[in-house]
Amino acid sequence: MKQRILIVNSGGDCPGMNAVIRAIVKRADREPNWEIIGSINGFDGILSEPLEIIAFDNECVQGIHIEGGTILTTNNKRNPFNYPVKQADGTFKNEDVTDKLIYNLKVFGFDAVIHIGGNESHKISLKLSQKGVNIVGIPKTINNDLSVTDFTFGFQTAAQIATEAVDKLITTAKSHNRVLILEVMGRDAGWIALHAAIAGGADVCLIPEIPFNMNTVLEKLRSKYSADGRGFANIVVAEGATFKDENNKIIKGNIARKIAKKLKEINFEADIRETILGHLQRGGAPIAFDRILATELGVKAFELVQEKNFGTMAIHKNFELTHIDLKIVIDQYNKVDLSHNLIHTAKGIGISFGD
Ligand code: F6P
């Protein structure tokens, strides 16, 4: 009798998800008696009647490691502990459907689940593991906000896309003597902004971990212009960055627009334009680094299942491929540490954090 693993994606997509799926399938194919099945759209697939699942073989994952997105589709609103269930009157009510999930896993012969997700998704992994599900996690998020692993796959691709955006914005900023503001993803952690600011060459980098002061930013921008108004400047801001206005009110959300508005209100001398990079950072092919990392983690996750090392997550730590208990994972959110060498480096080349 074959052993069956169910792959489930959770949360937002990110480059490398297909490479993980391919790696799990290819690794399993080298062993006798394993079947790899994918659940469509997060936990929906295994909860649907009839099930919405894909039975993978080597052929159907051929070459998918270079494709962005995920062939399984994914969802960030399908937590099985708080899952939208259609009621008799047609409305939806959130309910705990994990008993049904566990029943379906058993009835349809699944021996284990490999759950690919970010911080929030692995809170679900842990709770499922505590309810007896044989589960192994794989870390995924463009925000790089899981500290138990050196990098989450998808992050380097997102940082590369953001860097290319900075490169492009600098050429147009220079041509028009403008200030260009680029807003990148990073609700709670400023890793993408920090990497893009250093790699692209920004003048100002604003991240959630360092609430900024508009006057300090202004001072830096002014230093980039000559008395006759020539010059240009470039700001990279993470979506979760904040500042306090003159009434001590914390300003957050739509942050690039708010910074531009503020600069215009105080009649900053140069023209200002803002760009919100948004989901471009999550789309497209993963760069080589993320394809490799995703492949390593896929292989490792399969082997953890094979060894019955459940309730764990495959990780890459200190140049080693290893694993960690899911209980440790969820406590460790990876914010940019202010003593991190990249903060030191950025400050060392004159990038202002507005602090
Ligand atoms: O958590 C990753 C992330 O990309 C955030 O940085 C961003 O705010 C959010 O997802 C966007 O989510 P959605 O795709 O649901 O709009």
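In each ligand, atom 1 is the first atom listed, and ligand 1 is the first ligand listed. Numbers here are sequence positions counted from 1.
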Using residues 125-132 as the side-chain source, report each donor-acceptor pair under 3.5 Å to any protein atom, sequence neighbours left out, with the distance given to one decimal.
from: S125; atom 1: OG; to: H115; atom 2: ND1; distance (Å): 2.8
from: S125; atom 1: OG; to: S121; atom 2: O; distance (Å): 3.4
from: S125; atom 1: OG; to: H122; atom 2: ND1; distance (Å): 2.9
from: K131; atom 1: NZ; to: T98; atom 2: OG1; distance (Å): 2.8
from: K131; atom 1: NZ; to: D99; atom 2: OD1; distance (Å): 2.9

Using a strict threshold of under 4.0 Å (side-chain N to carboxylate O), is an ion pair present between E219 and R222? no
Pairs under 3.5 Å, nitrogen or oxygen of ligand 1 with protein nitrogen or oxygen:
from: ligand 1; atom 1: 1 (O); to: N143; atom 2: ND2; distance (Å): 3.2
from: ligand 1; atom 1: 1 (O); to: R187; atom 2: NH2; distance (Å): 3.2
from: ligand 1; atom 1: 4 (O); to: R282; atom 2: NH1; distance (Å): 2.9
from: ligand 1; atom 1: 6 (O); to: N143; atom 2: ND2; distance (Å): 3.3
from: ligand 1; atom 1: 6 (O); to: E239; atom 2: OE2; distance (Å): 2.6
from: ligand 1; atom 1: 8 (O); to: E239; atom 2: OE1; distance (Å): 2.9
from: ligand 1; atom 1: 8 (O); to: E239; atom 2: OE2; distance (Å): 3.2
from: ligand 1; atom 1: 10 (O); to: R282; atom 2: NH1; distance (Å): 3.0
from: ligand 1; atom 1: 14 (O); to: H279; atom 2: NE2; distance (Å): 2.8
from: ligand 1; atom 1: 14 (O); to: R282; atom 2: NH1; distance (Å): 3.2
from: ligand 1; atom 1: 14 (O); to: R282; atom 2: NH2; distance (Å): 2.9
from: ligand 1; atom 1: 15 (O); to: N76; atom 2: ND2; distance (Å): 3.0
from: ligand 1; atom 1: 16 (O); to: H279; atom 2: NE2; distance (Å): 3.3

Under 3.5 Å, side chain of N18 to main-chain N/O of I71, donor-acceptor pair present? yes
So ring-ring contact (aromatic ring centres under 6.0 Å, His included) across residues 50-84, not counting sequence neighbours, yields none
Residue set satisfying salt bridge (charged side-chain N to carboxylate O under 4.0 Å, His left out) with D271, at least two apart, ordered chain then number -> R178, R273
side-chain contact (heavy atoms from CB on, under 4.5 Å) with L221: of N234, I272, T216, I235, only one passes, and it is I235
